[in-house]
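What follows is a set of notes on a single structure, which appears directly below.
As a basis for the values below, the full set of heavy atoms in this structure was taken, side chains included, without hydrogen atoms, waters or symmetry mates. The first residue of the sequence shown is numbered 1, and numbering continues consecutively from there. Both counts, for ligands and for their atoms, begin at 1 and track the order of listing.
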Amino acid sequence: MLHKKLKMKSIYLDYHATTPVLTEAIEAMAPYWQTHFGNPSSNHEWGWKAEGAVLKAKKQVAAFIDCDPQQVYFTSGATESIHWAIIGWLRQHPQGKILTSTTEHKATFGACEWASELGARVVKIPVNQEGIIQLEVVKKELQENVPTLLSLIHANNEIGTINPILEIAALKETYPHLDIHLDACQSLGKLEFSFLNSQVDFLSFSAHKIYGPKGIGALIIRDTKKLTPLFSGGGQQNSLRAGTLNVPLIVALGVCADWFKKNWLEEAQRLKKLSQKLIAGVKTISPKIKLNGSENQRLPHNINMTLYDIHPDKIILALAGVGFSSGSACASTQAEMSHVLEAIGVHYEDAKSTVRFGLGLQTKDEDIDFILEKIKGLYLQQTSLCESQP
Ligand code: PLP
């Protein structure tokens, strides 16, 4: 037969973009579509059942993040939470200044653009070559004694670099006019973190990065007097975030939070071993492979590297069947250079040969062997090409 069907290996390594939903979460939310479909604001049996489920999920999220259940406000996800934190804070502090970094997720840049349109001064703080925010520049900006919000990504979604949030939050002792919003989308469930002990004022995250459904997340708020609502209407969630609660998705998020509270450390350690194997493996293949970001201060499941001298088309061909990203998932449909790689000094042409792997629950040892074999093949091909040239 001429057209023999090729059996291609299929490996998902894009867990920064999104994750599959835990079976436990799907099962837990199922009755809330038809059987327990009530509106949690309704004052009858159906409403009380739904309200009880929301309260339980709030407690599960609070136990996971280590905050008070009353500090948990459900949103449609991190993009909404980030906008609420930044714009809600600005409306409460109209003379305020906003600091952020050059390597934020575009959701933060979007909210900052809106803040600028509302008249706020927004300053993007540079990062060092590893992608860590430059603290000295933050301190310089804080010399000005005006209410200031620092909106910072905890761990970067492209290069996995972890910002030293406890050290940064400690600045509040010297600069009491500083409030902090943390984008914890990528770090929750991967790093040890306690909201209560962190001095962070607001924290944003999405459920779909921790094996929950898309379209649900939360903003954790330490002091509700520090921000105004973005939506008003039905008075839900203490009149701070109006809109009927999406009970099934909230139930699922609660289950994921519970799962992560129990299992995060073991899973993070397993992922770290796998990513270290990949990083060590590529080092033996060619010195032309460079890890982007920080060697030590990085998410346990992130590998971002530039395959110098390898044409991007060859990478795509070699890794056919592998779900990976050549930048941030949100930016990969655009041909523009990743702002994160640009901020850490990767050149435009090299950025095209840069790959991001995000490991997760279904990643196995043999997947890493497969990737290493493919990358080895690319460099062997490259060497034989060079040798055959006159
Ligand atoms: N912040 C970070 C660090 C992210 O990785 C993402 C999603 O990729 C977001 C914010 C936005 O999350 P969502 O699209 O779920 O609103």
Side-chain angles (χ1 to χ4, degrees), residues 12-21 25 61 65 73-88 100-114 124 127 131-133 150-163 165 180-191 193 200 202-220 230-231 241 243 246 249-250 252-253 256-257 293 297-304 323-334 338-341 343-344 356-360:
Y12 183 78
L13 290 178
D14 205 10
Y15 285 85
H16 294 293
T18 197
T19 60
V21 181
V61 169
I65 296 173
Y73 289 82
F74 294 112
T75 64
S76 61
T79 299
E80 182 191 326
S81 301
I82 291 168
H83 278 70
W84 184 10
I86 293 176
I87 303 300
T100 191
S101 82
T102 49
T103 53
E104 296 299 306
H105 188 272
K106 289 208 169 169
T108 299
F109 288 162
C112 285
E113 258 169 53
W114 186 6
K124 284 186 187 170
V127 297
I132 296 172
I133 191 166
L150 170 64
S151 184
L152 186 65
I153 195 162
H154 190 186
N156 190 271
N157 50 303
E158 289 191 42
I159 55 172
T161 299
I162 302 162
N163 273 312
I165 188 58
I180 296 176
H181 163 242
L182 192 65
D183 174 357
C185 246
Q186 298 289 342
S187 59
L188 273 196
K190 304 294 182 308
L191 305 176
F193 183 78
V200 164
F202 316 108
L203 180 146
S204 294
F205 74 94
S206 276
H208 72 100
K209 311 286 187 184
I210 53 164
Y211 303 87
K214 294 158 187 67
I216 187 77
L219 180 65
I220 313 298
L230 271 199
F231 307 155
R241 198 280 191 177
N246 192 331
L249 300 196
I250 289 172
L253 166 55
C256 296
Q297 296 307 311
R298 76 183 302 123
L299 286 170
H301 65 314
N302 174 283
I303 299 120
N304 185 306
F324 71 103
S325 166
S326 47
S328 146
C330 313
S332 62
T333 47
Q334 301 159 16
S338 146
H339 66 278
V340 176
L341 295 178
I344 59 166
R356 176 191 72 175
F357 299 118
L359 319 187

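Interatomic distance, T102 OG1 to F109 CZ, rounded to the nearest 0.5 Å: 6.5 Å.
Residue H16 has no nitrogen or oxygen atom sitting less than 3.5 Å from a nitrogen or oxygen atom of ligand 1, judged on distance alone. Geometrically, ligand 1 and T79 share a nitrogen or oxygen pair separated by less than 3.5 Å.
Using modelled atom types, one finds a donor on one side chain and an acceptor on the other under 3.5 Å when comparing E158 with S338.
The contact set between ligand 1 and C185, taken as ligand atoms under 4.0 Å from a residue heavy atom, comprises 1 (N), 2 (C), 3 (C), 4 (C), 6 (C), 9 (C), 10 (C). Taking every non-hydrogen atom of I153 and a distance limit under 4.0 Å, the qualifying atoms of ligand 1 come out as 3 (C).
In H208, the part holding a heavy atom less than 4.0 Å from any atom of ligand 1 is the side chain. At a heavy-atom distance under 4.0 Å, only side-chain atoms of S206, from C-beta outward, approach ligand 1. Residue-level proximity to ligand 1 for N156 is absent, since no heavy atom of it falls below 4.0 angstrom. Of all the heavy atoms of D183, the ones lying under 4.0 Å from any atom of ligand 1 belong exclusively to the side chain.
The shortest non-hydrogen separation linking S81 to A218 is OG-O, 3.0 Å. Scanning both residues, I210 and C256, for their nearest heavy atoms gives O-CB, 3.4 Å.
The main-chain N or O of T19 is never found under 3.5 Å from a side-chain atom of K209 such that the two would form a donor-acceptor pair. Between the side chain of R298 and the main chain of I159, a donor-acceptor pair closer than 3.5 Å is present.
Using cut-offs of 30° and 60° for the angle between ring planes, the H16 and H301 rings count as tilted.
Proximity of K209 to ligand 1 is established by a heavy-atom distance of less than 4.0 Å.
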